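Here is the structure we will look at, set down as structure tokens.
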Amino acid sequence: MMKPMREQKLFVIALFIILLDQLTKLWIKGFHLFGFTHEGMILNSSTPVLGDLLRWTYVENPGMAFGVSFGPGKIILSLFSIVAAIALGWYLFKLRYANKWVQIGVMLLFAGAIGNLIDRVFYGVIFSEAPLFYGKVVDFIDVDCPDFSLGGQEITRWWVFNVADSCVSCGIVLLMLVNAKIPTFKSLKLRPELQVPIVVSDYDPEWPKQFAELQEVLSSSLSSKAERIEHVGSTSVPGLAAKAILDVDIVIADDADFAPVRQTLEALGYVYEGDKGIAQREAFRQADSMVPIGSGKRWMRQHVYVCPASSPALHEHLMLRDILRQHSELQAEYGALKRELAKKYGIDRDGYTTAKTDWIRGVLERYAKSGSEPTNSSAEDAPETENESV
């Protein structure tokens, strides 16, 4: 399963890209540092690298990417770039549980924005060419392209660009490809309930009753949009100690049915969180304890997932649930493990989840190899593997 990347790793990769961008620009422009002088290229000169296909062509532009001019408002562009870079950095940090490709797309935008921002803000002063915020961006990658017309202008080569521009372009394209998995700003707000210690409780017979009520509300709202609704996670296993959180899998025929289901869930007050790095398992959480709205009651905490019927994650959820339901010795072992890990990790939900996932994976692999996969229980119940609530 594809796991989300930690924000530390994303920022390290972004730093590497920024350094690469700046080193290549300085190599092209030239510099004098610590007694060492590198002459660089002459402005507007060009050097073949792969014949006519690829050249290093040294140009400087006072505006945006690919030489696009911003007119006389250079200080506005520089200030806007600073604000945009800060916003992207904050957003990247908040995306630590989002889809991996969304994280990478935003990271590329962030790295590209910082790379060109350094040129605009500091290059004028560093090279004694202009005041602070009035520097020019160094471009040098010159690529041949098929001839085409744009706005009445004949284009025979692509606009000269740099490493930062490449990152911005790749980031935009990647985010367009995974648009449906981008979480909203509302879903990124701080959740106070995640700041309290993990509590594993004895099994409560009220849990399946709470699920039955929730299932009725969701079934009524979703109607034919969903094939069935499954109770998943530890609260679906009678007798198993668990965190008091209902885990629910909404099963759809295929990915094409996700959009109307998402729209219905958001109308009920659920917040979309992307797939959290697990393919074919889209996650939702309650905006508050009154969700699903409309019933006028406070609900038990929930994690809601939407899975296609063919989803490997759904299959593992159901398989783990049924194994635990049929083997009391595994129930006891798993319950004891979760209590031990809750004490060990406190509020560190990442550490808690990672530690128990190894046990879960071992159980699933053992039964998969033995070929003794359990028979499915009632279609009204189901489980969770790589999820904090299992």
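Just so it is clear, the model here is predicted, and its values are computed rather than measured.
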Under the 3.5 angstrom rule, does the side chain of [X] hit a backbone N or O of [Y] as a donor-acceptor pair?
X: Ser236; Y: Gly233; answer: yes
X: Arg339; Y: Val200; answer: yes
X: Ser220; Y: Glu216; answer: no
X: Asp288; Y: Met290; answer: yes
X: Ser78; Y: Phe133; answer: yes
X: Gln215; Y: Ile229; answer: yes
X: Gln210; Y: Trp299; answer: no
X: Arg157; Y: Asp142; answer: yes
X: Asn162; Y: Val138; answer: yes

Carboxylate-amine/guanidinium contact [X] [Y], below 4.0 Å:
X: Lys209; Y: Asp204; answer: no
X: Glu316; Y: Arg281; answer: no
X: Arg262; Y: Glu266; answer: yes

Within this structure, what is the [atom1]-[atom2] distance for the pair [X] and [Y], rounded to the nearest 0.5 Å?
X: Leu10; Y: Phe110; atom1: CG; atom2: CZ; value: 10.5 Å
X: Cys170; Y: Leu109; atom1: SG; atom2: CG; value: 10.0 Å
X: Leu268; Y: Leu218; atom1: CG; atom2: CG; value: 6.5 Å
X: Lys243; Y: Tyr352; atom1: NZ; atom2: OH; value: 5.5 Å
X: Leu318; Y: Glu230; atom1: CG; atom2: CD; value: 5.0 Å
X: Lys9; Y: Gln103; atom1: NZ; atom2: CD; value: 10.0 Å

More than 12 foreign heavy atoms under 6.0 Å from [atom1] of [X]: is that the case here?
X: Glu213; atom1: CD; value: yes
X: Phe80; atom1: CZ; value: no
X: Phe16; atom1: CZ; value: no
X: Leu50; atom1: CG; value: yes
X: Glu129; atom1: CD; value: yes
X: Glu329; atom1: CD; value: yes

Taking the side chain as C-beta and beyond, is there a heavy-atom pair between [X] and [Y] under 4.5 Å?
X: Phe161; Y: Val143; value: yes
X: Leu26; Y: Tyr123; value: yes
X: Leu330; Y: Trp359; value: yes
X: Lys29; Y: Tyr58; value: yes
X: Leu79; Y: Val83; value: no
X: Ser310; Y: Asp254; value: no
X: Val261; Y: Leu222; value: yes
X: Leu95; Y: Ile182; value: no

Ignoring hydrogens, what is the shortest heavy-atom contact between [X] and [Y]? Give both atom names and the distance.
X: Val291; Y: Gly269; result: CG2-O, 3.4 Å
X: Gln280; Y: Pro308; result: O-CD, 3.5 Å
X: Leu117; Y: Ala85; result: CD2-CB, 4.1 Å
X: Asp147; Y: Thr156; result: OD1-CA, 3.4 Å
X: Ala164; Y: Asp21; result: N-OD1, 3.0 Å
X: Ala241; Y: Ser234; result: O-CB, 4.1 Å

Partner of Tyr270 under side-chain hydrogen bond (donor to acceptor under 3.5 Å, both in side chains), chosen from Gln302, Arg285, Gln286: Gln302
I would like to know whether Glu340 and Lys344 meet side chain to side chain contact (heavy atoms under 4.5 Å, CB included); could you show each step before the answer? CA-CA 6 Å; Glu340 177 185 338; Lys344 178 179 180 180; 5.6 Å; no
Take Tyr305 and Ile250 through the side chain to side chain contact (heavy atoms under 4.5 Å, CB included) test and state the conclusion after the steps. CA-CA 6 Å; Tyr305 303 94; Ile250 297 173; over 6 Å; no
Hydrophobic cluster identity match, [X] and [Y], side-chain contacts under 4.5 Å:
X: Trp158; Y: Ile141; value: yes
X: Leu23; Y: Ile28; value: no
X: Leu19; Y: Leu88; value: no
X: Leu15; Y: Phe11; value: no
X: Leu92; Y: Val173; value: no

Show your working on side chain to side chain donor-acceptor pair (under 3.5 Å) between Glu282 and Tyr272 and close with a plain yes or no. CA-CA 8 Å; Glu282 306 298 333; Tyr272 178 50; 2.6 Å; yes
Side-chain donor-acceptor pairs of residues 34-41 under 3.5 Å, sequence neighbours excluded:
{"unit_1": "Thr37", "atom_1": "OG1", "unit_2": "His32", "atom_2": "ND1", "d": "2.4"}
{"unit_1": "His38", "atom_1": "NE2", "unit_2": "Trp27", "atom_2": "O", "d": "2.7"}

Show your reasoning for whether side chain to side chain donor-acceptor pair (under 3.5 Å) applies to Asp119 and Gln22. CA-CA 9 Å; Asp119 298 30; Gln22 288 301 305; 3.1 Å; yes
Assess the residue pair Val121 and Leu132 against the criterion (side chain to side chain contact (heavy atoms under 4.5 Å, CB included)); give the C-alpha distance rounded to whole Å, side-chain angles, the decisive distance to 0.1 Å, and a yes or no. CA-CA 6 Å; Val121 175; Leu132 195 68; 4.1 Å; yes
Pair Gln331, Tyr203 - check side chain to side chain contact (heavy atoms under 4.5 Å, CB included), show working. CA-CA 11 Å; Gln331 269 188 44; Tyr203 178 79; over 6 Å; no
Lys338 to Tyr334 six-membered ring, cation-pi geometry met (6.0 Å, 45°): yes
